[in-house]
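Comments concern the structure below.
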Amino acid sequence: MNRSAGAAARALTVRRPLARPAAHPARLLRAMRGWLVRRALVLGAVLVALCMLQVWLRLQVTHLGYELSAARDMQLRLEHEQRELEVELATLHDPGRLGDIARRRLGMQEPGKGQVVILR
């Protein structure tokens, strides 16, 4: 036998098994089933948790949408009230109205000649 054939024969022989043969195949099957069941339960729990998180996030978005809508309504109401108050303030500062109140309520009248004194 030449050297290369002997090396190939040595390379193909297995001196010891790579894995121990199972003493009880039923025991190995039960262990694998238990492992598979545990993995399936963990995966199911993770999926349920993710679904619950999705529902909670959707509820939060809906709740924030309602709050945003209420805040927008309040903003519009306050802007309308501000415009009304600005109109009322302009009316109260009107010189014609002030002169009318001074004549009717306070009994004042326009100053005559010589009644106006200019101070320097």
Side-chain angles (χ1 to χ4, degrees):
M1 203 161 40
N2 65 17
R3 198 168 211 205
S4 63
R10 271 187 273 144
L12 294 176
T13 58
V14 177
R15 294 184 184 179
R16 61 184 180 154
L18 295 175
R20 290 186 205 159
H24 300 285
R27 185 173 156 192
L28 178 63
L29 185 61
R30 265 193 315 241
M32 289 301 289
R33 280 185 186 159
W35 177 80
L36 185 63
V37 168
R38 272 184 266 134
R39 274 227 162 149
L41 287 175
V42 168
L43 181 63
V46 167
L47 288 175
V48 167
L50 288 174
C51 288
M52 289 177 66
L53 178 67
Q54 173 68 21
V55 169
W56 180 77
L57 286 173
R58 181 68 60 174
L59 287 174
Q60 290 297 317
V61 167
T62 304
H63 179 68
L64 287 175
Y66 285 136
E67 284 185 7
L68 185 62
S69 176
R72 180 67 180 149
D73 290 343
M74 180 179 281
Q75 178 188 6
L76 291 174
R77 196 168 5 110
L78 289 173
E79 286 174 354
H80 180 71
E81 185 178 345
Q82 180 182 8
R83 284 192 300 272
E84 287 179 352
L85 290 173
E86 286 173 352
V87 168
E88 184 179 348
L89 183 64
T91 304
L92 291 175
H93 282 122
D94 181 37
R97 181 185 165 279
L98 291 176
D100 188 42
I101 290 175
R103 280 190 289 281
R104 284 189 297 153
R105 289 189 188 168
L106 302 175
M108 297 180 154
Q109 47 187 308
E110 293 291 327
K113 287 190 176 186
Q115 288 183 328
V116 177
V117 178
I118 301 173
L119 301 174
R120 291 187 188 194

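Rounded to the nearest 0.5 Å, atoms CG (Leu76) and CD (Glu81) are 13.0 Å apart. Remark: Arg72 CZ to Gln75 CD distance equals 4.5 Å, nearest 0.5 Å. To the nearest 0.5 Å, atom CG of residue Leu43 and atom CZ of residue Arg38 are 15.0 Å apart. Arg83 contributes atom CZ, which lies 11.0 Å from atom CG of Leu78 (distance to the nearest 0.5 angstrom). Summarising the geometry, atom NE2 belonging to His80 is positioned 10.0 Å from atom CG belonging to Leu85; distances are rounded to the nearest 0.5 Å. The structure places CD of Gln60 at 9.0 Å from OG1 of Thr62, a figure rounded to the nearest 0.5 Å.
Within a 6.0 Å sphere centred on CD of Glu79, other residues, nucleotides and ligands contribute more than 12 heavy atoms.
Glu110 approaches Gln115 most closely through the heavy-atom pair O-OE1, 4.4 Å.
Take Arg97 and apply the side-chain contact (heavy atoms from CB on, under 4.5 Å) test, not counting sequence neighbours, and it matches Thr91, Leu92, Asp94, Ile101.
The shortest side-chain heavy-atom distance between Arg58 and Gln54 falls under the 4.5 Å cut-off.
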